[in-house]
2 protein chains.
Amino acid sequence: MVTITDVAREAGVSRATVSYVLSGKRMISEPVSRRVREAVTSLGYTPNAGARALATSQTKVLALMARFLSDEFAPAMLEFIRAVTDAARELGYDTLLVSDENAAEALRRVAASRMVDGIVLLNVGETDDRLPILGRIDQPSALIGLPANPEGSIVFDLDFRSAGRLMVNHLRAYDHREVILVSQPRDVVDRGGAYVWRLAAGAEETADQLDMILHHHHAAASQPDVGRRLHELLDQHPDATAILLNNEAAAAALPFVLRERGLRAPDDVSVIGRYSDDFARAFSLPYTAVDSAAAELGRRAVARLIAAIEDGLPGDALQLLPPVLTDRGSVARPASR
Amino acid sequence: MVTITDVAREAGVSRATVSYVLSGKRMISEPVSRRVREAVTSLGYTPNAGARALATSQTKVLALMARFLSDEFAPAMLEFIRAVTDAARELGYDTLLVSDENAAEALRRVAASRMVDGIVLLNVGETDDRLPILGRIDQPSALIGLPANPEGSIVFDLDFRSAGRLMVNHLRAYDHREVILVSQPRDVVDRGGAYVWRLAAGAEETADQLDMILHHHHAAASQPDVGRRLHELLDQHPDATAILLNNEAAAAALPFVLRERGLRAPDDVSVIGRYSDDFARAFSLPYTAVDSAAAELGRRAVARLIAAIEDGLPGDALQLLPPVLTDRGSVARPASR
DNA sequence: CTGAAAGCGCTTACAG
DNA sequence: CTGAAAGCGCTTACAG
C-alpha cells in the first residue's frame, strides 16, 4: 500500500508539501508541485480515507437511512435511493445505505461512530422513531417526508395538500362531480405517513368548496389484493365518474381492472394519479398524474444537507415542493348518462 | 465528542484497558471491566470508526457496485441491493452504495482509498469494464453475474443454462412443441449480459433434443415498446402454444397483452417465466417461473466475500445456483386445434 | 491482571 | 516557498 510518505520520498519533499499540493491549500512552486504530481501518478497514490477522516473530522460520506416496508411499493423507493446517491456523488460525497430493521439504533450507531458527515432520512413519517435520535447526534440531517414537528430540521417534501387540491380542481374543470380517492393502506397512515391524509385533506377541501362528492378509501399496496379492492370500490360507487389514485400499487393494477370491466380511460372513467414519471414509464401508465418528484427532492435535500455540513448553514429549513401535473389525457368530460 | 480517553479517565484505567474490555481480546478482572462498561454507558461512548479503521486496517464496510441501466428493469435491481445490504449487516458490515456513471473509476477510487474491506459487484456481464480493475486492488471482491473468465474471482450466479433446460422440459412435459422465447433486449446481450444467451442456449439445446420448435426473440425492457413487441411475436407465430419469458418487463406486460387479445393462460396459451417471487407478488404475475434468487445469491456472495476478508479464504470460487421452479399452474396441455 | 508507548496515515498550525 | 512536529482516536505488541 502506497502512503503519503512514499510519495514524499519519491518526490524528495516533505509529507506536508505532498498534502498541500493535493489539497491546493497552499501555494507550491511549479517545479515542486510537478514532481509531486508525477510521484502521485507513478506510484498510483490515493489518500487513505480513514486517516484523512481522522485528521480532518470529515468523512465525505452521507448516510442514507432507507426503510423497506412490505406494505409500501418498493420500486418507488428505488427512485429516491438513486436520486440521493447521484446527488451526493455529484457534490463529492459517497453514500452509506442503511436499512437496518432497528432504524433508530442504526442511526445512532452510524452517527456516533462518525462514519458519516450527515444523514438523509427517507420516507419520514409523522411520528418517526428515528426523529428523537436526531437531536442527540452531532451531524446535520435532512428529511424527505414531513414529520409532525418539522422545526429545527431540514425537511423536504412534496406539497401533498396542494397536490390534492390541484388534482380535484383538474377533475372539476372537466365537470366531474363524484370521485373515488384511493389512498395508501391504513397501515401507512397509522405508521405516520402524513402525506396520505395531507393529499386527502387537500382533495376533500377542494371537493367541499366545489360541491363535489369525494369517496375516500384505502387500498392494499400489493397484488392481487389491490386489484380486488379496486373492483369493490367501482362496484360500490357506480355513479363516480373519476378515480384519483394516491397509491402506486393501485395505479399499476388499475389498467388490468379497467380492462376486466371493459372500461376505458378517459372514455368511460377519468383517472388521475400521483406517482413519478419514471414509474409511469416503467409500468406503462397512461394516466395524468402529479409527479412525486423523487429526483428533485433528493437533489435538493442533499444539496441543503451539504450546505449545512460545509458552510454550517442552520439545520432548519422546510420546503414543500409545489406539485406539477403531467397531463396524459386520461381526464375528460364524463359521458352523459 | 466522547473519546476512549474520556472513558479511561472516568473509569480510572488506561485507554488500553478500555479497548480490551470492548474487544474482549484480553481477560480483564470483573471489577475493572464493570467500571469500564459503566463509564461507556454513562458517557455514551461509541468508538470512532475512522480511528479504528486506521489502527486495524479494517473498515467493516463493503462496497456495493450497482449499475442502473435504463434498459434493465430497475425494480429487479432493488431486490439485489436489499439482499446484499441485509446480508452484510447481519455479518457486521455496513454497505457503501456506489453507482457512479464511471463504474471502473469509482471502483478504483473506493478501493484505493481503503473506504471498504471488500466489494460486491452487481449485474456483472461477460466483458465488464470493472473487471480489469479487480486485479489491481487489494480487497477481495464477489461478483453476482458470470463474467467470461471467472477464474480467480468469487462468482455467484443463477445457473441460467439449467434454467433454460428446466423450463423447456417443463413445457414438453405438457406436450408443447412450438414455443416463443422472449429474451432481454439485444443491448443487454451486447453489453455482456451472458445470462440471456445462457438461458437461451439451455432452452435451445433441450428443444433440439426433444424435437421442439423454439423461436428466440429479443424485446425491449420498457413500456410500452415491450407490449407492442409481444403482440408482434404472437402474430408472427400463430402456432406457438407457449411463451417463455426471460425479460421482466415483458413478464409485467404480458397480462395486458393477453387480455387485449382475449387470451387466457393456461387455457389459450401456456406461460413460463424467469423472475423472483417478490417480483411476481408485486406485479401480480400468475405465471409459473424460475426464481431469480436475488436474496439467496446476495446472501451467499456476501458470506463468501466476508470469509475471504476475515479468514483469508482464497478469492476463487464459482457457484451457479440450481434453478428452482415455482409452479403457478400457468402451463397446461395445449387445446387441440 | 494492567499500563506506557508506538504506530496507523493523514492534515495543519507553527517556524523559518 | 517549504519542513519538522503535533495531533486526530484508536489498537496492540512489549513490559512488568
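Within every chain, numbering begins at 1; the chains are lettered A, B, ... in the order of the sequence lines, protein sequences first and strands thereafter.
- Distances shown here put a side-chain N or O of Ser19(A) below 4.0 Å from the OP1 or OP2 atom of dT11(C).
- Both tests do not hold together for Arg300(A) against Phe156(A): distance to the six-membered ring centre under 6.0 Å, angle to the ring axis within 45°.
- Judged purely by distance below 3.5 Å, without hydrogens or angles, the side chains of Arg37(A) and Ser33(A) pair a donor atom with an acceptor atom.
- Rounding to whole angstrom units, CG of residue Leu54(A) and C1' of dA6(D) are separated by 13 Å.
- With dT2(C), dG3(C), dC8(D) as the choices, the nucleotide that has an atom nearest any side-chain atom of Ala16(B) turns out to be dG3(C).
- The listed nucleotides are dG7(D), dT2(C), dA13(D); the one nearest the side chain of Tyr20(B) is dA13(D).
- Remark: the Arg26(A) side chain and the dG3(D) base include a donor-acceptor N/O pair separated by less than 3.5 Å.
- Among the nucleotides dT11(D), dT11(C), dC10(D), the one closest to the side chain of Thr56(B) is dT11(D).
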Practice prompt. List the steps and the verdict of salt bridge (charged side-chain N to carboxylate O under 4.0 Å, His left out) for Arg82(B) and Glu79(B).
Written response: CA-CA 5 Å; Arg82(B) 292 186 55 170; Glu79(B) 291 190 56; over 6 Å; no
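- For the OP1/OP2 pair of dT11(C) and a distance below 4.0 Å, the side-chain nitrogens and oxygens of Arg52(A) include at least one atom meeting the criterion.
- At least one side-chain nitrogen or oxygen of Ser29(B) sits closer than 4.0 Å to the OP1 or OP2 atom of dT2(C).
- OP1 or OP2 of dT11(C) has not a single side-chain nitrogen or oxygen of Lys25(A) nearer than 4.0 Å.
- Side-chain nitrogen and oxygen atoms of Tyr45(A) include at least one within less than 4.0 Å of the OP1 or OP2 phosphate oxygen of dC10(C).
- Of the listed nucleotides (dG9(C), dG3(D), dC8(C)), dC8(C) has the atom at the smallest distance from the side chain of Ala55(B).
- Leu43(B) places its CG atom 15 Å from the P atom of dG9(D), with the value rounded to the nearest Å.
- Comparing dT2(C), dC10(D), dT2(D) against the side chain of Val32(B) picks out dT2(C) as the nearest.
- Computed from coordinates, the Arg15(A) CZ to dG7(D) P distance equals 15 Å when rounded to whole Å.
- Heavy atoms from other residues, nucleotides or ligands lying under 6.0 Å from CD of Glu101(B) number 12 at most.
- Salt bridge absent: Glu105(B) and Arg130(B) never bring a charged side-chain N and a carboxylate O closer than 4.0 Å.
- Atom CE of Met27(A) is separated from atom C1' of dT2(D) by 13 Å (rounded to the nearest Å).
- Taking 4.0 angstrom as the limit, Thr3(B) places none of its side-chain polar atoms (N or O) nearer than this to OP1 or OP2 of dG9(D).
- An OP1 or OP2 oxygen of dG3(C) is reached within less than 4.0 angstrom by a side-chain nitrogen or oxygen of Thr17(B).
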